*Asks:* 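Could you have a look at this structure, given as structure tokens, before my questions?
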Amino acid sequence: MATLGSRITELASRIAANTTRLNNYLVAHNLPTPSFDVDGPKDTLVPKEETMVEAARVAIIDDTQQLRRLVLGPREYLMSYTHNELISQQAITRFGIAHSFPVGSEASFADIAAATPQLTETDVRKFVRHAINKDIFIEPRPGVVAHNAVSRLLAEDPVIHDWVGASTDDLWQSASQTCAALDKWKGSQEPNETGFALANGGTATLYEVFSREPKRARRFGNAMRSFTEGTGFELSHVADNFPWGELGNATVVDVGGSQGFACITLANMFPSLSFVVQDLAPVVEAGRKQVPPELADRITFMEHDFLTEQPDDIKTLKPDVFFFRWIFHNWSDKYCVKILRSLIPALKPGAKIVINDNVPPGPGVMSKWQEDRFRSMDITMKELQNSFERELNDWAKIFQLADPRFRFQGGKLPAGANLWLLVAEWKET
Ligand SMILES: C[S@@+](CC[C@H](N)C(=O)[O-])C[C@H]1O[C@@H](n2cnc3c(N)ncnc32)[C@H](O)[C@@H]1O
């Protein structure tokens, strides 16, 4: 049996070997070394196609985490999780701390307090030092704060700023109320009986709350974009892994299509396709303003609640494809069935339901770091909507439950993608 000594040295050797591999790649390609210096790179510099180097990077992330946990030991490891891990990030985004002084300059705690009216100098010191300990900002001399690459990203990238804001203000609060919701509404499939509902003063769903708070809804929408732009979520996986080009002059309805990001990508690549983006009113309104003018005649926006039957013009049109990206995982089975049944009057034989969504990996199939994101997303769905991430047989089940004329054809995870492409076809018999 391996002793702890051999396990930690084995991990350390692997980390050293993989770090050398990563470093050699960066040096050979004249790329900067990872650094949080204010002018350091914002992202990992390893292109996705460099699978060996990327595997080394992922192994470093997993192994350093494992090594840290082992050397902490079970007691210190459990106690190393502090309940307010995210509070400085919440304070930074909520009170605009990253924007309170320019990148490249220095500020005292008093200067930051003067620019953030909700905070006293003592509050600023508390939150900023908490953040500095997590590598957000630096303190080059006692009492003097400057940006590093991480705080600079918060100051300069509104999408990341919105992601952190939504994570801390919306998601974290919902998570903290989720066990209370389970105590109250065990086994509920209702989206108004969740941690989110409890965190927002009653029984309203996420969408009801956001429809009353457009600013917050916009931020949440932008936060979603940070996923769409993240590694593995590239829309090229959608474009490259379904035969869009063979559809001819076809219409694709992107149900819950947000501000039309997916349709813009597809419209640019497949000039014979036209698109209708359906979403709730405030989202559609924002989307209309963002369509590039050259695509405006092929991408139209339509306010539509996908829990209700498709509107008459779509029923008449009988589109070729109904596309759902990241929709069903938000809903419990009861509502997925409702969404699918609401399509039926607008379906023609051969129409395809194309889904781009999560299928969680089996335990231990991928790196712990990557698996962690799936496990976290599965719980996030519970927190927000009483939903869950579906394995392949769970996907087949919602189609069977909705109507036997939906023929679920299975799906695939494109190489390098995080979301699966799943397809069902409508057959009249
Ligand atoms: C997780 S987002 C996915 C957005 C988009 N498909 C993408 O891939 O980026 C879910 C979307 O569903 C929309 N939505 C939620 N409830 C809806 C409903 N009842 N009817 C129509 N759209 C809805 C939200 O506004 C949001 O844009």
Side-chain angles (χ1 to χ4, degrees), residues 159 162-163 166-167 170-171 174 190-192 194 196 204-230 232-239 242 252-266 275-288 290-291 299 301-311 314 321-332 334-343 346 353-358 377-378 380-381 383-390 417-422:
V159 175
D162 282 347
W163 164 247
S167 281
D170 300 320
L171 301 178
S174 308
E190 298 305 324
N192 61 353
T194 60
F196 181 91
T205 67
L206 177 141
Y207 294 109
E208 286 161 354
V209 169
F210 282 169
S211 69
R212 293 195 294 263
E213 298 184 50
K215 213 170 143 195
R216 203 170 149 203
R218 207 160 27 248
R219 180 176 70 175
F220 201 76
N222 282 345
M224 256 182 245
R225 255 177 69 200
S226 65
F227 268 113
T228 328
E229 289 169 359
F233 292 100
E234 297 88 350
L235 289 160
S236 56
H237 295 300
V238 176
F242 182 79
V252 176
V253 179
D254 186 355
V255 187
S258 187
Q259 295 169 22
F261 314 120
C263 293
I264 291 172
T265 300
L266 293 174
F275 300 86
V276 179
V277 182
Q278 296 181 331
D279 210 298
L280 301 174
V283 186
V284 163
E285 205 179 300
R288 276 198 188 103
Q290 293 195 19
V291 180
I299 301 181
F301 282 82
M302 178 184 278
E303 183 185 334
H304 173 62
D305 174 355
F306 54 52
L307 294 168
T308 62
E309 208 166 270
Q310 281 291 326
I314 299 291
V321 174
F322 283 93
F323 178 61
F324 291 85
R325 183 166 191 269
W326 246 0
I327 299 300
F328 288 101
H329 83 142
N330 281 333
W331 297 91
S332 62
K334 171 180 167 183
Y335 288 94
C336 288
V337 166
K338 195 166 184 188
I339 294 169
L340 287 173
R341 286 187 181 152
S342 73
L343 301 179
I353 317 301
V354 179
I355 295 174
N356 190 215
D357 216 322
N358 285 332
M377 184 62 81
D378 190 20
T380 304
M381 291 305 104
E383 294 160 10
L384 300 181
Q385 290 280 101
N386 259 330
S387 177
F388 68 108
E389 299 297 357
R390 294 182 171 80
N418 292 346
L419 299 180
W420 282 57
L421 269 172
L422 304 153

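As the structure is a computational prediction, the values presented were derived from the model and not from experiment. Both ligands and their constituent atoms are indexed starting at 1 by order of listing.
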*Asks:* Go through ligand 1 atom by atom and flag the ones less than 4.0 Å from a non-hydrogen atom of Asp305.
*Replies:*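 Selected atoms, number and element: 18 (C), 19 (N), 20 (N).
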*Asks:* Is the side chain of Asp254 donor-acceptor paired with the backbone N or O of Val277 at a distance under 3.5 Å, no angle test?
*Replies:*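 Looks like no, no N/O pair under 3.5 Å.
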*Asks:* Run the side-chain hydrogen bond (donor to acceptor under 3.5 Å, both in side chains) test against Glu309 and tell me which residues pass, sequence neighbours left out.
*Replies:*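 For Glu309, the residues satisfying side-chain hydrogen bond (donor to acceptor under 3.5 Å, both in side chains) (neighbours in sequence not counted) are Lys315.
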*Asks:* Parallel, tilted or perpendicular: which describes the rings of Phe196 and Phe210, with under 30° parallel and over 60° perpendicular?
*Replies:*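 Judged by the thresholds at 30° and 60°, the geometry between Phe196 and Phe210 is perpendicular.
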*Asks:* Give the atoms of ligand 1, by number and element, whose distance to some non-hydrogen atom of Ser258 is under 4.0 Å.
*Replies:*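 Taking each heavy atom of Ser258 in turn, ligand 1 has 4 (C), 5 (C), 27 (O) under 4.0 Å.
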*Asks:* Any idea which part of Gln278 is under 4.0 Å from ligand 1, heavy-atom wise: side chain, backbone, both or neither?
*Replies:*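 For Gln278, no heavy atom sits under 4.0 Å from ligand 1.
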*Asks:* Output the list of atoms in ligand 1 that are nearer than 4.0 Å to some heavy atom of Asn330, sorted by atom number.
*Replies:*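 In order of numbering, the contacting atoms are 1 (C), 10 (C).
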*Asks:* Find all atoms of ligand 1 within a distance of less than 4.0 Å from any non-hydrogen atom belonging to Val283, and give their numbers and elements.
*Replies:*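 Every atom of ligand 1 under 4.0 Å from some heavy atom of Val283: 25 (O).
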*Asks:* Determine yes or no for a side-chain-to-main-chain donor-acceptor pair under 3.5 angstrom, with Glu285 supplying the side chain and Val283 the backbone.
*Replies:*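 Between the backbone of Val283 and the side chain of Glu285 there is no qualifying donor-acceptor contact (under 3.5 Å).
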*Asks:* Please state which part of Ile327 comes within less than 4.0 Å of ligand 1, counting heavy atoms only: side chain, backbone, both or neither.
*Replies:*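 Contact part for Ile327 vs ligand 1: side chain (C-beta onward).
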*Asks:* Can you sort out which atoms of ligand 1 are near His304, meaning under 4.0 Å from one of its heavy atoms?
*Replies:*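 Per the distance check, 20 (N), 21 (C).
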*Asks:* Does any N/O atom on Tyr207 come nearer than 3.5 Å to any N/O atom on ligand 1?
*Replies:*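 In this structure, Tyr207 places no N or O atom under 3.5 Å from an N or O of ligand 1.
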*Asks:* N/O to N/O below 3.5 Å, does that happen between Asp279 and ligand 1?
*Replies:*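 For ligand 1, there is an N or O atom that lies under 3.5 Å from one belonging to Asp279.
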*Asks:* How close do Asp357 and Phe328 get, counting heavy atoms only, and between which atoms?
*Replies:*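 That closest heavy-atom pairing would be OD2-N, 3.4 Å.
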*Asks:* Evaluate the ring planes of Phe233 and Trp326, with Trp represented by its six-membered ring, and classify them as parallel (under 30°), tilted (30 to 60°) or perpendicular (over 60°).
*Replies:*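 Ring orientation of Phe233 relative to Trp326: tilted.
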*Asks:* Using side-chain hydrogen bond (donor to acceptor under 3.5 Å, both in side chains) as the criterion, list what pairs up with Asp170, not counting sequence neighbours.
*Replies:*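 With sequence neighbours excluded, Asp170 shows a side-chain hydrogen bond (donor to acceptor under 3.5 Å, both in side chains) to Arg216, given in chain and number order.
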*Asks:* Going by the closest heavy atom to atom 17 (C) of ligand 1, which one wins out of Phe306, Phe323, Phe324, Phe261?
*Replies:*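 Considering heavy atoms of Phe306, Phe323, Phe324, Phe261, the nearest to atom 17 (C) of ligand 1 sits in Phe306.
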